[in-house]
Amino acid sequence: LIVFRSTRVGFRVNSPGREKLEKREGYWGVAVVAFLVVVLGGTIMQIPYWKSDRAGTVPQTVNVTGRQFAWTVNPPRLKIGLKTRFQVQSADVAHGLGVYDPDDVLIKQVNVGPGVQQDFVITFTRPGTYKLRCLEFCGVDHHLMENKMEVTR
Ligand code: CUA
């Protein structure tokens with residue numbers, strides 16, 4: 001708006017037809033704003049920001065707690081094909097949870113510090129043994145910090 005105003009003051013050149021041109025310019029300005037409002041109105045409801053993973057119900061939940069030097073997984077058996085909410089916490093220092101699929105491919109990683117719960121949702125599409133490893137150095141036995149969970153049909 002400031003830029004718009006600044007283009008309208010100062011340069012007063014009087015030429016024939018000026019009033020008419022200014023009027024036309026005004027109409028174009030209104031047309032552009034109206035167009036943008038219509039586009040905004042037509043698309044804003046398709047933005048999925050309000051569809052958070054935290055919203056609504058998720059059929060299964062697993063609690064994962066890290067502490068020097070192990071992950072506690074509760075429950076350790078999960079069903080395939082269901083939206084699964086992970087609630088990850090730390091009982092002591094900062095840890096980094098990595099979830100590995102049965103082929104040992106990292107499918108999710110999240111850092112977790114004491115006092116802060118990290119949530120995310122995974123839908124497992126393959127049965128098998130998934131590994132949980134720590135991906136943030138948290139002490140002398142950081143490399144031993146590992147657990148697993150079974151995903152079944
Ligand atoms: Cu926990 Cu590294």
Side-chain angles (χ1 to χ4, degrees), residues 1-67 71-75 77-128 130-138 142 145 147 149 151-153:
L1 200 63
I2 290 163
V3 173
F4 180 72
R5 284 305 305 169
S6 69
T7 60
R8 312 211 115 217
V9 293
F11 301 96
R12 268 241 159 239
V13 180
N14 279 318
S15 59
R18 184 194 166 85
E19 296 290 313
K20 219 169 126 188
L21 280 174
E22 276 187 354
K23 220 173 191 179
R24 201 184 291 170
E25 199 180 38
Y27 288 141
W28 272 111
V30 171
V32 168
V33 170
F35 172 74
L36 290 175
V37 167
V38 168
V39 169
L40 177 71
T43 55
I44 196 163
M45 292 315 288
Q46 292 168 32
I47 299 173
Y49 287 139
W50 53 278
K51 280 188 189 168
S52 161
D53 282 346
R54 289 166 194 269
T57 52
V58 165
Q60 70 184 346
T61 297
V62 57
N63 286 289
V64 179
T65 303
R67 60 171 59 78
W71 291 108
T72 311
V73 188
N74 180 33
R77 286 182 161 270
L78 295 165
K79 282 255 178 261
I80 196 174
L82 298 178
K83 271 191 169 183
T84 305
R85 185 197 311 282
F86 279 69
Q87 296 180 330
V88 188
Q89 288 173 298
S90 167
D92 41 36
V93 301
H95 300 278
L97 174 69
V99 182
Y100 293 77
D101 76 3
D103 286 334
D104 226 11
V105 174
L106 180 68
I107 56 168
K108 185 71 191 179
Q109 192 265 322
V110 70
N111 281 45
V112 59
V116 181
Q117 181 175 302
Q118 296 276 18
D119 286 22
F120 58 88
V121 173
I122 292 181
T123 304
F124 293 108
T125 54
R126 300 172 52 197
Y130 287 69
K131 284 202 180 99
L132 306 171
R133 295 196 178 104
C134 186
L135 300 179
E136 180 167 332
F137 184 75
C138 54
H142 153 75
M145 193 166 163
N147 205 342
M149 49 202 261
V151 174
T152 55
R153 291 185 190 281

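Positions are given from 1, in the same order as the sequence printed here. Keep in mind that what you see is a predicted model, and the values were worked out from it rather than measured.
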**Complete:** Taking every heavy atom of H95 against every heavy atom of V93, the minimum-distance pair comes out as CD2-O, 3.1 Å
**Asked** Hey, what do you get for CH2 (W71) to OG1 (T65), rounding to the nearest 0.5 Å?
**Response** 8.5 Å
**Asked** Hey, does the Lys NZ or Arg CZ of K108 hover above the aromatic six-ring of F86, less than 6.0 Å from the centre and inside 45° of the axis?
**Response** no
**Item:** Any V151 side-chain heavy atom under 4.5 Å of K79 side chain
**Value:** no
**Request:** Check whether any side-chain heavy atom of L132 sits under 4.5 Å from a side-chain heavy atom of V99, and report yes or no.
**Result:** yes
**Prompt:** Are E22 and R18 close enough for a salt bridge, meaning some N to O gap below 4.0 Å?
**Reply:** yes
**Rounded distance [0.5 Å steps], NZ in K131 versus CG in D104** = 5.0 Å
**Message:** List the residues meeting side chain to side chain donor-acceptor pair (under 3.5 Å) with T72, not counting sequence neighbours, and say none if there are none.
**Reply:** R67
**Message:** Quick one, L135 with L106, criterion side chain to side chain contact (heavy atoms under 4.5 Å, CB included). Give me CA distance, side-chain angles, the key distance, then yes/no.
**Reply:** CA-CA 11 Å; L135 300 179; L106 180 68; 4.1 Å; yes
**Request:** Taking all non-hydrogen atoms of both residues into account, name the closest pair between D119 and R85 and its distance.
**Result:** OD2-CD, 3.8 Å
**Request:** State whether the side chain of Q109 and the backbone N or O of G96 hold a donor-acceptor pair below 3.5 Å, judged by distance alone.
**Result:** no
**Prompt:** Does the D103 side chain pair with the main chain of V105, one donor and one acceptor, at a distance under 3.5 Å?
**Reply:** no
**Prompt:** From L97 CG over to F120 CZ, what is the distance, rounded to the nearest 0.5 angstrom?
**Reply:** 5.5 Å
**Request:** With sequence neighbours excluded, tell me which residues meet ring-ring contact (aromatic ring centres under 6.0 Å, His included) with Y100.
**Result:** none
**Request:** Could you give me the CA-CA distance, side-chain angles and deciding distance for V32 and L36, then say whether side chain to side chain contact (heavy atoms under 4.5 Å, CB included) is met?
**Result:** CA-CA 6 Å; V32 168; L36 290 175; 4.3 Å; yes
**Asked** What closest approach, in Å, do V112 and V116 show between heavy atoms, and which atom pair accounts for it?
**Response** CG2-O, 3.5 Å
**Request:** Report the distance from atom OG1 of T125 to atom CD1 of I80, rounding to the nearest 0.5 Å.
**Result:** 6.5 Å
**Item:** Atom CZ of R126 with >12 non-hydrogen neighbours under 6.0 angstrom
**Value:** yes
**Request:** Give the minimum heavy-atom separation between P127 and P102, together with the two atoms involved.
**Result:** O-CG, 3.7 Å
**Message:** Give me the atom names and distance for the closest heavy-atom approach of A94 to C138.
**Reply:** O-CB, 3.5 Å
**Request:** Take L78 and Y130 through the test side chain to side chain contact (heavy atoms under 4.5 Å, CB included) and record every step on the way to the result.
**Result:** CA-CA 10 Å; L78 295 165; Y130 287 69; over 6 Å; no
**Message:** Please find the pair of heavy atoms, one from E136 and one from H142, that lie closest to each other, and give the distance.
**Reply:** O-ND1, 2.9 Å
